[in-house]
Amino acid sequence: MSAAEGPLVVGVDTSTQSTKALVVDAATGRIVASGQAPHTVTSGAGRETDPRQWWDALSEALRQCGEAAHEAAAVSIGGQQHGLVTLDGHGEPVRPALLWNDVRSAPQSRRLIEELGGAKVWAERTGSVPAASFTVTKWAWLAEHEPDAVRATRAVRLPHDYLTERLTGQGTTDRGDASGTGWWASGTEAYDEEILAHVGLDPALLPRVVRPGEVAGTVRGSHDLPFSKGTLVACGTGDNAAAALGLGVRPGTPVMSLGTSGTVYAVSRHRPADPTGTVAGFADARGDWLPLACTLNCTLAVDRVAALLGLDREAVEPGRGVTLLPFLDGERTPNLPGASGLLHGLRHDTTGGQLLQAAYDGAVYSLLAALGLVLDEDADPSAPLLLIGGGARGTAWQHTVRRLSGRPVQVPEARELVALGAAAQAAGLLTGEDPASVARRWNTAAGPVLEAVERDEETLSRLAGVLSDAASLLSRGTDTD
Ligand SMILES: Nc1ncnc2c1ncn2[C@@H]1O[C@H](COP(=O)(O)OP(=O)(O)O)[C@@H](O)[C@H]1O
Ligand SMILES: O=C(CO)[C@@H](O)[C@H](O)COP(=O)(O)O
């Protein structure tokens, strides 16, 4: 391995299933070392992780990076959005974090929307209608179900804030991740004190929102990570905003991420406010906006169907009659938090491979149905859809997205776009550059473009029909526990 041309920076992605760390040469974008370690998420009614697992996983991922991590001049952390981290007076978790895909707060979501003036008011005020994923609904759920935990809480953080604070000793966040809480007003770019008062959350418990490009702090002395005391720490951001940075996308370029969550988004110059709630009006990590739609069921749901069928995830077969809505975790897009999976059109001659293809179709359909809503007038309708996340490596995912979108699809060769985006933020601290320009200089989006194929209108309209006909079944919910 040749010596680095520039200073080394570390970018971290602490996402739902694992924490990944990259050591990157800030001059060239070359990945000098990488590491990854898993965390566990509870199953059953809720989805929770002890935040200390993220720290341990970060430590292990950095250990795998070896000596290179010791040389880092700056570090930044991107992470799963929305999770509610509650800390006591010593900075220790009061209880495990409630994650973005925990739908127990669906009743609190409905109630908060109604109590504060309805969906349109929320969309105009915070950019988003707070579905059960949003932090504000989780805080309301906790206040109702575990008031002792709320009373013991001295600080409220998001997942990426938690790790940044353990590095720096400072409670900080950024506009991108703050915009997914439901208590950050997108018009004024400040915490919304009325919403906070409504849910009984003292603003003093929240982190300071660091400006894009500002240093969040420096690595403090006492920790078990390989960084030297005084290493610069950037503000970090939510994982989708980090991936947008990591790709260096300009406004209007559509991105689809296939991971634990499925997301579609584009950077926009216009502040979003979708009263239907399909599009979350997130801020990006620079000063623009990131209209985004997110599904709860993506790679894990399809892999689960493959496992139930005893098939490899690539063992799909074409078939036109069967429909599978893979809403194994409830769903957010469409907003059906109580839904479960639904199968329609099963026949004696339906094969396992056709059922598996139907699961891919169902997962991709929800994302594509929202794609048009996240793109504004800046968008070029013929631009390739950038496909990222673990699922983007899969041939069946790639083919399904091409067939149901009718668009060309570009699959960047770089695998860890969230961690690269965080690394670009860290590099920006050293050079004064815009992180998105850093990523473009690193050429992170480079990868093969798969040509457009004819859009499979028959499958799209069959899926739309089943979704509409099964509406009452899907909104009723299933008692499984
Ligand atoms: N080669 C592959 N083909 C299809 N799916 C894959 C492949 N590699 C990983 N995955 C899927 O990617 C998922 C993890 O993606 P990732 O984006 O890392 O998730 P997250 O960031 O949400 O934790 C796994 O659930 C797995 O199903
Ligand atoms: O809730 C959202 C976006 O609003 C999710 O995209 C989370 O940010 C989790 O991301 P992954 O772990 O799937 O990357």
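When a ligand or atom number is given, it counts from 1 through the structure's own listing order.
Closest to atom 22 (O) of ligand 1 among all protein heavy atoms lies T260 OG1, 2.6 Å. The shortest contact between atom 13 (C) of ligand 1 and any protein heavy atom is with T299 OG1, 3.4 Å. For atom 23 (O) of ligand 1, the closest non-hydrogen atom of the protein is S15 OG, 3.1 Å. In terms of protein heavy-atom proximity, atom 14 (C) of ligand 1 is closest to Q17 NE2, 3.9 Å. Given atom 1 (N) of ligand 1, the protein heavy atom at minimum distance is R393 CB, 3.4 Å.
The heavy atom nearest to atom 12 (O) of ligand 1, out of those in G390, P38, A396, S257, is found in G390.
Residue R313 has at least one nitrogen or oxygen atom sitting less than 3.5 Å from a nitrogen or oxygen atom of ligand 1, judged on distance alone. By the 3.5 Å distance cut-off applied to N or O atoms, D303 is counted among the residues near ligand 1.
Just one residue in the list T263, V255, V264 forms a side chain to side chain contact (heavy atoms under 4.5 Å, CB included) with N240, and that residue is T263. Here the rule is side chain to side chain contact (heavy atoms under 4.5 Å, CB included) with V41, and of D102, T16, L300 only T16 fits it.
A 4.5 Å side-chain heavy-atom check between F134 and W183 finds every atom pair outside the cut-off. Between Y360 and H399, every side-chain heavy-atom pair lies at or beyond the 4.5 Å cut-off.
Partners of D239 according to the salt bridge (charged side-chain N to carboxylate O under 4.0 Å, His left out) rule, which considers only residues two or more places apart in sequence or in another chain, do not exist here.
Of the charged side-chain nitrogens involved, at least one lies within less than 4.0 Å of a carboxylate oxygen, so that R175 and D284 count as a salt-bridged pair. Under the 4.0 Å criterion applied to side-chain N and carboxylate O atoms, R47 and D329 are assigned as salt-bridge partners. Using a 4.0 Å cut-off between a side-chain N of Lys or Arg and a carboxylate O of Asp or Glu, K138 and E48 do not qualify as a salt bridge. Ion pairing between a basic and an acidic side chain is recognised when a charged N comes within 4.0 Å of a carboxylate O; E115 and R110 show no such pairing. Look at R125 and D192 and you find a salt bridge, because one of the NZ, NE, NH1 or NH2 atoms lies within 4.0 Å of a carboxylate O, short of that distance.
Here is the list of ligand 1 atoms found below 4.0 Å of a heavy atom in T16: 23 (O). Ligand 1 places these atoms under 4.0 Å from at least one heavy atom of G389: 17 (O). Counting atoms of ligand 1 from 1 in the listed order, those under 4.0 Å from a heavy atom of L300 are 25 (O). Counting the atoms of ligand 1 from 1 in the order shown, those under 4.0 Å from a heavy atom of K20 are 16 (P), 18 (O), 21 (O). Counting atoms of ligand 1 from 1 in the listed order, those under 4.0 Å from a heavy atom of G259 are 15 (O), 17 (O), 19 (O), 22 (O).
Listed as neighbours of ligand 2 are S15, T16, Q80, Q81, H82, W100, D239, N240, T260, S261, T263, F282, L292, C294, R332, each bearing a heavy atom under 4.0 Å from the ligand.
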*Run the salt bridge (Lys or Arg N to Asp or Glu O under 4.0 Å) check on R271 and E189 step by step: do they pass?*
CA-CA 11 Å; R271 185 169 70 90; E189 302 213 8; over 6 Å; no
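The aromatic rings of H82 and F282 sit tilted, their planes meeting at an angle between 30° and 60°.
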